[in-house]
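What follows is a single structure, written as structure tokens, with notes after it.
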Amino acid sequence: MSKNRLQVDDDHPDGAPSNIEQIVNRATSRRGILRAGAAAIGLFLAARPLTRAIAAADDDDSGALLGFEAVPASTADAFIVPRGYRAEPLISWGDPILRGAPEFDPSGTQPAAAQAGQFGDNNDGMSLFPLSADRALLAVNNEYTNYLYLFDDHRQSLDADGVRKSQAAHGVSIFEIARRGDGGWRYLPDSTYNRRITAFTRIELSGPAAGHALLRTSADPAGRTVLGTFNNCANGQTPWGTYLSCEENFHGYFAADDPGIELSAAQRRYGLRAGNRAQQWYRHDERFDLASEPNEANRHGWVVEIDPYDPGSTPRKRTALGRFKHENAALTINGDGCVVVYMGDDERGEHLYRFVSNGRYNPDDQAANRDLLDQGTLYVARFDARQGELRGSGVWLELVHGRGGLDAEHGFPDQATVLIHAREAATRVGATTMDRPEWVAVHPHDATVLCSLTNNRNRGKSHNQPVGGPNPRRDNKYGQIVRWRPQRGDHTAQRFDWDLLVIAGNPEVHPGTPEAGSANVNRDNMFNSPDGLGFDAAGRLWIQTDGNYSNEGDFAGMGNNQMLCADPASGEIRRFLTGPIACEITGLTFSPDQRTMFVGVQHPGKSGSPSHFPGGGKSKPRSTIMVVRRNDGGVIGS
Ligand code: FEO
Ligand code: CA
Ligand code: CA
Ligand code: CA
């Protein structure tokens with residue numbers, strides 16, 4: 001069906017084809033696929049404001065940005081980096097980071113108190129905060145935990161300490177790292193900076209929704225103090241030295257024994273269900289019982305700002321940034337000093353958001369920047385395109401009470417309700433439903449922004465998820481990366497132009513069809529489900545995958561989850577590393593000299609798949625942060 005719907009647009013302004021099938025055809029009919037593909041994708045996909053970047057790349061012989069040898073797809077239980085590189089573990093789930101915490105015990109019988117002093121499970125987004133040339137802090141999200149490995153059995157029924165242990169495996173870990181004499185890095189288990197933030201740490205709600213009736217509970221009648229953060233997916237970093245941790249799938253921790261309890265449309269929109277009982281927190285922590293504390297879930301799904309340099313500081317949930325299933329928070333300082341944060345809501349058919357601060361960033365007075373994320377305007381994206389076109393323009397639609405139908409008559413009596421029910425507000429103003437927006441990344445040298453749209457089996461199957469625009473394939477198995485550039489390079493502008501950097505696919509299994517992907521995808525670099533996304537200082541775009549690792553059928557030849565590197569100007573993509581069995585590669589940060597890369601391996605051995613990473617032998621698989629360096633000490637990727 002998508003094949004027929006994506007017809008050539010006769011009256012394309014440049015006379016250049018913009019149709020998905022032509023991209024595919026060119027990819028499969030030329031020799032020298034990689035070079036031709038890179039040129040083709042530029043030709044097809046570059047909207048006018050991007051042509052300067054493309055022309056610059058043409059002057060340059062063959063993507064000088066990418067200086068490493070590609071690694072092949074792999075199904076090995078190993079973390080494989082290019083020739084001339086080395087990789088070693090920095091820290092794994094369960095390693096002690098607070099003084100007095102015990103060493104990891106693979107038996108699964110350690111109590112909650114042990115886990116509360118150890119590195120949390122399933123590391124995800126992370127940022128590095130320098131202390132000196134050879135010392136730094138790492139702030140790392142611990143997204144969720146695997147009961148299969150956390151406990152000594154499946155724990156059909158958790159006791160109170162089991163719930164507490166699960167809660168302690170979640171949240172954020174902050175710890176100091178130091179460069180060794182040989183150039184590698186180690187973490188310092190006794191540093192006074194080290195900190196665990198868990199699902200029971202005291203956190204303040206701040207911004208326009210703080211104190212609102214929808215945020216009040218019996219334990220917190222003021223609606224201003226919440227216990228904990230959990231399902232912290234990816235991240236952001238501010239230039240004033242704080243870490244942003246993004247709460248994603250919070251809904252899965254709330255449940256009730258009575259399957260018949262009534263839930264509002266807003267609760268259902270966020271996935272809340274009495275039957276989400278797998279985590280079992282509600283059995284021993286009443287906050288998570290939907291029947292007795294219906295507002296507790298409104299206190300999760302936010303971006304949390306944390307000061308890693310002050311271990312005694314209280315984290316803050318910044319409600320001005322909206323409540324949804326946050327992936328990451330890509331922050332940039334606009335030319336006029338406004339703080340702009342781009343954020344994806346990772347669910348099929350949800351949206352892409354932008355926050356613009358009222359105040360301006362002041363590089364000379366860091367204390368004055370502390371609450372910049374409390375006041376500003378939240379927007380949601382609408383992407384426009386003519387039928388079948390893979391580029392177009394777009395508009396940021398404001399989510400402001402009293403405008404665009406966001407009023408009491410439509411269920412939005414005030415701005416706090418707009419922010420707490422941001423998804424419903426976005427629908428009201430006409431936002432585009434996307435193929436699961438994951439990480440957003442802002443180019444370090446120009447105003448280009450990109451977002452991974454990881455996959456979407458629902459695309460084309462319901463009236464509100466039509467095929468088209470930046471979501472061009474029905475039953476999207478492979479994902480794509482959308483790119484936009486704001487008008488005049490101004491991140492606060494209302495309008496932008498967009499195109500697609502890459503449409504993932506399998507040109508070996510599905511040659512000549514939209515499932516083959518765009519011309520810059522080929523046998524040697526194919527992947528599915530782009531997720532983590534980040535730029536290094538030179539403008540290399542790093543792409544991490546969280547996809548199907550069966551290596552069969554539609555995914556044959558893609559192997560395990562992996563990390564690739566793209567030259568955004570030429571469109572060339574090269575595979576940089578491959579992860580162990582049943583893992584996801586997620587989380588990325590660099591040393592300031594760009595000579596060390598920290599990469600996350602999350603959930604190796606997911607669902608009991610046979611991984612023993614990183615310990616080998618018969619050891620229990622453990623999520624781990626890997627340190628990647630070049631043997632010659634050079635800049636990563638160059
Ligand atoms: Fe936690 Fe959308 O990934
Ligand atoms: Ca992710
Ligand atoms: Ca994902
Ligand atoms: Ca994950």
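In this text, all values refer to a predicted model and were calculated from it rather than measured experimentally. Atoms within a ligand are numbered from 1 in the order they appear, just like the ligands themselves. Atoms considered below: every heavy atom in the structure, side chains included; atoms not considered: hydrogens, waters and symmetry mates.
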Please confirm if an N, O or S atom belonging to Glu584, backbone or side chain, lies less than 3.0 Å from the Ca ion (ligand 3). no
Thr586 N/O/S atom closer than 3.0 Å to the Ca ion (ligand 4): no
Hey, which of Arg436, Arg269, Lys325 is the one that makes salt bridge (Lys or Arg N to Asp or Glu O under 4.0 Å) with Glu347? Lys325
If you check every N/O/S atom of Glu143, which is the one nearest the Ca ion (ligand 4)? OE1
Is Asn506 reaching over with its side chain to a backbone N or O of Tyr478, donor-acceptor style, under 3.5 angstrom? no
Closest approach to atom 2 (Fe) of ligand 1 by Glu438, given as the N, O or S atom name: OE1
Please give the atom name: the N, O or S atom of Glu248 nearest to atom 2 (Fe) of ligand 1. OE2
Is the distance from the Ca ion (ligand 3) to the nearest N/O/S atom of Asp346 under 3.0 Å? no
Test of ring centre spacing under 6.0 Å for Tyr149 and Trp93: no
Quick check: of its N, O or S atoms, which one does Glu438 have closest to the Ca ion (ligand 3)? OE2
Taking just the N, O or S atoms of Asp346, which one is nearest to atom 2 (Fe) of ligand 1? OD2
Vertex the Ca ion (ligand 3), ends Asp531/OD2 and Asp546/OD2: angle to nearest 10° comes to 90°
Is the ring centre of Tyr187 less than 6.0 Å from the ring centre of Phe119? no
Within 45 degrees of the ring normal and closer than 6.0 Å to the centroid, is that where the cationic atom of Arg323 sits relative to Tyr270? yes
Cation-aromatic face contact Arg575/Phe527, 6.0 Å, 45 degrees: no
Using only N, O or S atoms, tell me which atom of Glu327 is closest to atom 2 (Fe) of ligand 1. OE1
Checking Arg423 against Phe324: charged group under 6.0 Å from the ring centre and within 45 degrees of the axis? no
